[in-house]
Number of protein chains: 2
Amino acid sequence: MTGLRERKKQRTRDALIVAAHELFVTQGYESTTVDQIAEAVDVSQRTFFRYFTNKEEVALFLQNMVERLYYEAVCARPVAEPPLECLRSTLDDVWDDVGVAVEEITPLDLYLKMCQVIEVTPSLLAAHLRHSLLMEEKLVQEVARRTGVDADQDPRPRVLVAAFTGVMRTAARQWSMRSDASLETAREVTRDYTAQLSPALGSDWGRRR
Amino acid sequence: MTGLRERKKQRTRDALIVAAHELFVTQGYESTTVDQIAEAVDVSQRTFFRYFTNKEEVALFLQNMVERLYYEAVCARPVAEPPLECLRSTLDDVWDDVGVAVEEITPLDLYLKMCQVIEVTPSLLAAHLRHSLLMEEKLVQEVARRTGVDADQDPRPRVLVAAFTGVMRTAARQWSMRSDASLETAREVTRDYTAQLSPALGSDWGRRR
DNA sequence: AGGATAATGACAGTCGCTGACAATTGACAA
DNA sequence: TTGTCAATTGTCAGCGACTGTCATTATCCT
């Protein structure tokens with residue numbers, strides 16, 4: 001389980017992530033070559049591609065981890081809770097866990113700066129959106145499960161999740177452009193944006209159709 | 001305006017689009033090389049990259065054109081119309097124009113098949129989502145203009161557009177997986193999906209805040 | 001200790017994409 | 001018509017992302 005081999009692999013993987021993030025943040029994503037990342041960790045380029053299928057993957061590694069964390073937190077919520085409230089308050093709760101999880105791999109500050117890099121790098125933003133779409137679909141299924149409806153018949157799970165994630169994307173974008181981007185401001189911004197969401201969405205979720 | 005030079009350029013551009021689409025549809029996007037496309041039109045690879053900045057662009061050319069068409073149709077609507085109704089009925093109207101516009105460049109059938117290719121090709125889907133995000137932002141501004149609100153203060157334009165485009169993405173995905181994908185079925189599917197959207201979104205748009 | 005197994009490095013090759021420069025072709029005036 | 005200018009194109013060289021292959025090294029297990 002925790003053999004030398006495993007630990008070594010984990011360490012090089014983390015080292016690659018940290019080195020890549022530092023380079024991306026300082027020189028930008030496009031102008032950083034995979035060779036530079038590999039050299040910084042003193043492995044061959046070939047080894048890099050054994051850990052990550054492509055350059056995007058290492059750049060979005062933490063982002064994807066955070067999204068997965070959020071999804072799992074949503075699933076762990078009591079089913080009785082109304083779905084929108086569930087999505088919203090999970091967000092409010094999850095930031096501390098995110099901080100802890102990220103810092104097991106890399107300094108938090110590096111992750112925060114990387115979020116900005118993702119927003120301003122077209123190819124990264126594209127890959128990020130695609131991955132988010134997969135997560136959205138999983139959220140739709142979870143919301144459908146909780147409310148006992150079929151997502152293929154009843155459009156409300158998709159409408160709810162689409163609206164929620166859409167607003168969240170906007171919130172994330174606004175937040176990433178702030179100079180004081182931190183977990184605290186992230187919590188504030190998401191709280192503000194999602195608070196305005198409830199009145200805009202119909203609250204008569206209880207009725208079928 | 002219509003010199004030989006202009007016409008020749010237009011023709012090679014269209015030929016590149018058609019050739020690329022045929023290859024993408026028959027062999028898949030990833031396994032088609034730019035060299036193959038260029039060879040099919042009998043131009044150099046370098047020339048291809050003078051017409052399109054990258055391989056994605058030629059694959060998404062029609063898709064982007066269609067989205068632009070839709071956006072312009074939305075802007076041309078009477079301002080008095082409620083925004084959701086505007087987005088919805090524009091969609092209902094625009095399909096014929098889409099068919100005409102596409103067929104000026106390539107057979108309609110090729111475009112319909114290409115839509116499926118986009119959905120199943122990760123890198124194309126990603127690029128498509130990124131482009132759609134830009135279009136969404138433009139729609140948000142247009143909705144804000146029509147309703148006389150500030151999209152940076154009032155979240156309702158973003159909520160509305162996010163929900164609408166989110167549901168539309170779902171509709172597009174469902175439609176693209178059908179064996180009888182055509183403009184008629186596209187109109188039907190989008191009509192169905194968007195019709196279910198109104199009740200899910202609050203209709204008290206008139207009130208501020 | 002030693003053989004099975006997994007991780008790595010080295011190398012060659014493909015493909016997307018770009019810069020530079022020369023050759024060609026259409027536009028336009030003398 | 002012809003000569004000049006500008007736009008378009010082809011050729012070539014090169015970079016960077018990514019992959020297959022095979023020999024080498026390092027861990028694991030008995």
Side-chain angles (χ1 to χ4, degrees), chain A residues 1-17 19-21 23-24 26-61 117-118 121-128 130-131, chain B residues 1-17 19-21 23-24 26-61 117-118 121-128 130-131:
Chain A
M1 189 78 177
T2 163
L4 175 55
R5 220 173 227 171
E6 301 291 330
R7 274 177 286 133
K8 216 168 182 179
K9 260 174 71 177
Q10 196 75 6
R11 256 185 290 139
T12 42
R13 197 207 57 170
D14 292 356
L16 283 170
I17 294 173
H21 277 59
L23 287 166
F24 292 159
T26 56
Q27 338 176 332
Y29 175 77
E30 300 288 1
S31 51
T32 299
T33 68
V34 174
D35 283 326
Q36 287 177 44
I37 302 169
E39 197 179 2
V41 185
D42 204 53
V43 295
S44 69
Q45 191 215 45
R46 195 63 182 88
T47 294
F48 174 92
F49 284 112
R50 289 198 177 96
Y51 281 88
F52 306 97
T53 62
N54 49 43
K55 208 173 113 179
E56 283 165 7
E57 195 173 292
V58 67
L60 296 176
F61 186 91
V117 174
I118 293 172
T121 306
S123 65
L124 281 185
L125 182 58
H128 172 56
R130 188 187 79 217
H131 190 272
Chain B
M1 190 75 179
T2 162
L4 175 54
R5 219 170 228 173
E6 301 290 329
R7 273 177 286 135
K8 216 169 181 180
K9 259 174 70 177
Q10 197 74 9
R11 256 185 290 140
T12 42
R13 196 206 57 168
D14 292 355
L16 282 171
I17 294 174
H21 277 59
L23 287 166
F24 293 159
T26 55
Q27 343 176 326
Y29 174 77
E30 302 287 2
S31 51
T32 299
T33 68
V34 175
D35 282 325
Q36 287 178 44
I37 302 169
E39 197 179 2
V41 185
D42 204 53
V43 295
S44 69
Q45 191 215 47
R46 194 65 182 88
T47 294
F48 173 92
F49 284 111
R50 288 196 177 98
Y51 281 89
F52 306 97
T53 62
N54 49 44
K55 207 173 112 177
E56 282 165 8
E57 196 173 291
V58 67
L60 296 176
F61 187 90
V117 175
I118 294 172
T121 307
S123 64
L124 281 184
L125 181 58
H128 172 55
R130 189 187 77 217
H131 190 274

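Within every chain, numbering begins at 1; the chains are lettered A, B, ... in the order of the sequence lines, protein sequences first and strands thereafter. Any value given below was found using the heavy atoms of this structure, including those in side chains, with hydrogens, waters and symmetry copies removed.
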Looking at A:Thr47, I'd like to know whether one of its side-chain N or O atoms comes within less than 4.0 Å of OP1 or OP2 on C:dG9. yes
From CD of B:Glu6 across to P of D:dA6 the rounded distance in Å is 17 Å
Rounded to whole Å, NZ of A:Lys55 lies from C1' of D:dC18 at a distance of 12 Å
To the nearest angstrom, the CD-P distance between A:Gln36 and D:dA17 comes to 9 Å
Testing the 3.5 Å rule here: is there a donor-acceptor pair between the side chains of B:Thr33 and B:Gln45? no
B:Arg46 atom CZ is separated from D:dT11 atom P, nearest whole Å, by 13 Å
Atom CD of A:Glu30 and atom C1' of D:dG16 are separated, to the nearest Å, by 11 Å
Regarding D:dG10, can its base be found pairing with the side chain of B:Arg50 as donor and acceptor, where the two atoms are less than 3.5 Å apart? yes
Worksheet entry | Side-chain donor-acceptor pair present, A:Thr53, A:Glu57, cut-off under 3.5 Å | yes
Atom CZ of A:Phe52 and atom P of D:dG16 are separated, to the nearest Å, by 21 Å
Rounded to whole Å, CG of B:Leu16 lies from P of D:dT9 at a distance of 9 Å
Exercise. Which part of the nucleic acid does A:Thr33 contact within heavy-atom distance under 4.0 Å: base, sugar-phosphate only, or nothing?
Worked result: sugar-phosphate
So, B:Tyr51 side chain and B:Asp14 main chain: donor-acceptor pair closer than 3.5 Å or not?
no
> Between the base of C:dT5 and the side chain of A:Arg5, is there any donor-acceptor pair under 3.5 Å?
Replying inline: yes
note: B:Phe49, atom CZ; C:dC15, atom P; distance rounded to Å ~ 12 Å
Trace of the side chain to side chain contact (heavy atoms under 4.5 Å, CB included) decision for A:Val58 with A:Phe48: CA-CA 9 Å; A:Val58 67; A:Phe48 174 92; 3.8 Å; yes
| message | Quick check on C:dG26: is either OP1 or OP2 less than 4.0 Å from any side-chain nitrogen or oxygen of B:Lys8? | response | yes
Under 4.0 Å between a side-chain N or O of B:Tyr51 and OP1 or OP2 of D:dT9? yes
Stepwise side chain to side chain contact (heavy atoms under 4.5 Å, CB included) check, A:Arg7 with A:Gln10: CA-CA 5 Å; A:Arg7 274 177 286 133; A:Gln10 196 75 6; 5.6 Å; no
(message) For a quick check of understanding: with a heavy-atom distance under 4.0 Å over all strands, which category does B:Ser31 fall into, base, sugar-phosphate or nothing?
(response) nothing
